[in-house]
Q: 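One structure is given below, represented as structure tokens, and several questions about it will come after.
If you're wondering where the values come from, they're calculated on a predicted model, not measured in any experiment.
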Amino acid sequence: MNQSYLRSVYLRLAGTVMVVVMLALAANAYLSHRAFERALAPEMARKVASGGASARSLVLKAMEHQIGFRELYGVEQTFDELKAAIPEISYIAVTDPQGVILYQRFSPPDGAAEHFRKPSVLAAMSTADLSPPAVRVGNQYVVSMPIVTPQQPVGILHIGVAVDFVDKIILEMLYDVVVVLVVALFLTLELLNFMAGTKLAAALKSLGRTIEAGAGGDFAATRAHASDTAFGGVLGLLEAARARVNAAYDALARDIEVGRRCPAHERPPGLTAAHQGLQALARRYRFGVAVPSTRVDEGDLLAKVRAPLFIFILAEELTRPFLPGYIKSLLVPIPWLSAEIVIGLPIVLFMLIVAIGQPFLGAYSERVGSRRAMLVGAGITALGFAASAFADSVLDLLVWRSLCALGYAMVFVAAQGHVLEHATTANRARSFALFVGAIMVATVCGPPIGGILADNIGERSTLAVAALLALGSIAAIRLLPGLDRSDPQRAPAKTPRLRELGGLLLNHRFMAITGLAAVPAKILLTGVCFYLVPLYVLSIGSSQSVVGRILMTYGVVMVVVAPIAASLATSRERMEWLVSAGLVVSGMGGLLLMAGDDVGWVFAAIFLVGLGQSLSIAAQSALVREHCDAEVAAMGEHAVYGVYRLIERLGNALGPLLAAVLVMTFGYRASFVMTGALVML
């Protein structure tokens, strides 16, 4: 009951926040469009006028050399150069003193010829140094600049800018606002869960225990509850009622005991019946003083790991949109390696260290405790981010990103160990949902914010922000319990042995799942999302904010669809269908770039990749147990899944390397298509 109540509180709060913010967004969009249009038109006019002044000076210089105004040569070439300098320009024209068009280039707005002949426009030729305002003509803003020689006015230069130039700026702003809205909603839920969720759950549990105790006849005195907690007033009233019943029973027991000590002839009548009734009450109800419980609430211990894990993963996710571009800016020649391979090296090294290091770091975490391992890992990662912000070359960055990888693997393994340590058989699925949920929410929030920050404050400053977040996670990690309580029934973590690794590599059922499902899925994830998308989107002229929005799409789809797909994976046949469908849908995402090459197609491709990964990720892991039950019985579940995770993470490392080779050989679009085709096969 408590969990459902909490969920309803969160959903209602999220819905209220969403409605309020959406209304504010709509009002802001309308008012901002009006304000931007009024503010941008003068700014645009000044920008166009500064560019048009150079074209006008060329005309005046030609006339100084006795070239007639109607006989100018190379006017169209000058117009092309002006548009190259100011891409927003949609139309350029030169008219004579009567407003007749002599030269023009590009697409004229509706009513341009009539506008040029208006007396108010022709009157501008009376002032040579006029600062022209922008006037809307059809679907363009037109700036009219007089061309005046010392002897007489000779004409007007008209430059038009499309009205949708302002609309595009507003649309970009709205995209960022929507991104911030989505991120704010997720962050609000995480903040509520961290600040109020645990306390509210504890208050609800206390209230529920008090009601159940009263309804069950338990009136034993308990310690006083703080009245300033959630439901403190109600809880105090209920406890006071129980205390009054307990005190009345105690008083009755004392009175009966006093009466029984009196001589028989002095005892009040009915004392025997009262004593028998008191004994009946004692048998039916519980009175006296309650023994305080020393049981630790495992739910609270599990909930505490979500906040530090979310903050820490968020720091790494900030780097996703701009890291390949940042690596590209630090390129130095490396013999025998192409630029495309070098750009992928820091990503490959990061994934490789995480893959190989996790089994060893799991044993370290068990030895020193998950809290201490997380503190060490977060500190190492913060150092890696800070040093990455000051890297001079890609060689420096390789070292610092290796530190980030080591710290990331350490925190990940330690947080997973904390969940295993405090999860029970009854709540293990919910515990891992909490663990994965923190990662997925960080995947939604990190890339768009990282892209916006990189566009506005630069990549190095964004890396510094990531370092601060990693340091901030240390404060949350310190709230975790200092000493872990080992479960004697849980086997200690260990690295896969060569015999186990070799036996599973030769097992066709295990390799069918690992080599033909898990590895291709990870190659697609890291090769496309972490390598190809950031570089390709920047190569076609878009910004790092756009990269962040695209990668956020993947995270949102995973958050929404993955739980639904997991609930459907109830049998082996369903699992196999989900994995197959997921791989096909993911591969179609890569093939989608055959249809077009703009940002919209990249959005659609990543949506399909996210959808496919969501369908297969839960069923894929479950199929290992379904198809390798004999191996699990012989080697143990830890050994089988240890090898499975190791090979799967090697696919993470292989993805950027394969994508780099494909880009070097075939180009970006072909790399998307070929990676998608590989996954479908």
Q: Kindly assign one of parallel, tilted or perpendicular to the pair Y326 and F322, based on the angle between their ring planes and the thresholds 30° and 60°.
A: perpendicular

Q: Just wondering, more than 12 heavy atoms not from M588 lying within 6.0 Å of its CE?
A: no

Q: If we only count heavy atoms from C-beta on, is the V519 to E648 side-chain gap below 4.5 Å?
A: no

Q: Within the 4.5 Å heavy-atom criterion, are Y408 and F350 side-chain neighbours or not?
A: yes

Q: So which heavy atom on A464 is nearest to which on A389, and how close?
A: N-CB, 4.3 Å

Q: Which heavy atom in L535 sits nearest to a heavy atom in K328, and how many Å separate them?
A: CD2-CD, 4.4 Å

Q: Using side-chain heavy atoms (C-beta onward) and a distance below 4.5 Å, is S365 in contact with S370?
A: yes

Q: Give, for atom CD1 of I452 and atom CG of L318, the distance between the pair rounded to the nearest 0.5 Å.
A: 11.0 Å

Q: Checking S586 against Q613 for the side-chain contact (heavy atoms from CB on, under 4.5 Å) test, could you report, in this order, the C-alpha distance in whole Å, the side-chain angles of both residues, the deciding distance, and whether it holds?
A: CA-CA 7 Å; S586 298; Q613 298 272 357; 4.2 Å; yes

Q: With the side chain counted from C-beta on, respond yes when E317 and F312 share a heavy-atom pair under 4.5 Å apart, and no when they do not.
A: no

Q: Please check: side-chain N/O of T526 versus main-chain N/O of N652, any donor-acceptor pairing under 3.5 Å?
A: yes

Q: Any salt bridge between R509 and E626, counting N to O under 4.0 Å?
A: no

Q: Of all the heavy-atom pairs spanning A565 and S614, show the shortest one and how long it is.
A: CB-O, 3.4 Å

Q: Would you say that L352 contacts L650 through its side chain, given a criterion of any heavy-atom pair below 4.5 Å between the two side chains?
A: yes

Q: side-chain contact (heavy atoms from CB on, under 4.5 Å) between L504 and M511: does it pass, once the steps are laid out?
A: CA-CA 7 Å; L504 289 171; M511 289 307 298; over 6 Å; no

Q: Enter the distance from R460:CZ to F390:CZ here, rounded to the nearest 0.5 Å.
A: 8.5 Å

Q: Would you give the length of the straight line joining atom CG of L406 to atom CG of L383, rounded to the nearest 0.5 angstrom?
A: 11.0 Å

Q: Could you give the distance from CD1 (I617) to CG (L578), rounded to the nearest 0.5 Å?
A: 12.5 Å

Q: So does A315 get a backbone contact from the side chain of T319, meaning a donor-acceptor N/O pair under 3.5 Å?
A: no

Q: Pair R401, L323 - check side-chain contact (heavy atoms from CB on, under 4.5 Å), show working.
A: CA-CA 11 Å; R401 287 298 291 167; L323 186 60; 3.8 Å; yes

Q: For G582 and L615, work out which heavy atoms get closest and say how close.
A: CA-CB, 4.0 Å

Q: How far apart are the closest heavy atoms of L453 and V465, and which atoms are they?
A: CD1-CG1, 4.3 Å

Q: Could you tell me whether the side chain of K522 reaches within less than 4.5 Å of the side chain of M351, counting heavy atoms only?
A: no

Q: Does a side-chain heavy-atom distance below 4.5 Å link V413 with F360?
A: no

Q: Does the gap between the ring centers of Y554 and F607 come in under 6.0 Å?
A: no

Q: Should Q620 and Y644 be marked as a side-chain contact (heavy atoms from CB on, under 4.5 Å) after you check the CA-CA gap, both sets of side-chain angles, and the distance that decides it?
A: CA-CA 11 Å; Q620 198 170 268; Y644 169 75; 3.4 Å; yes

Q: Using modelled atom types and a 3.5 Å cut-off, is there a donor and acceptor pairing between side-chain atoms of S580 and backbone atoms of W577?
A: no

Q: What's the spacing between I523 CD1 and T675 OG1 if we round to 0.5 Å?
A: 8.5 Å

Q: For the CZ atom on R478, are there more than 12 heavy atoms of other groups (residues, nucleotides or ligands in this structure) within a distance under 6.0 Å?
A: no

Q: Enter the distance from L403:CG to I353:CD1 here, rounded to the nearest 0.5 Å.
A: 8.5 Å

Q: Do you know the tightest heavy-atom contact between I311 and G472?
A: CG2-C, 4.4 Å

Q: Quick one: are L525 and V609 in side-chain contact, heavy atoms under 4.5 Å?
A: no

Q: Cation-pi check, R320 to F530: give yes when NZ or CZ is under 6.0 Å from the six-membered ring centre and within 45° of the ring axis, no otherwise.
A: yes

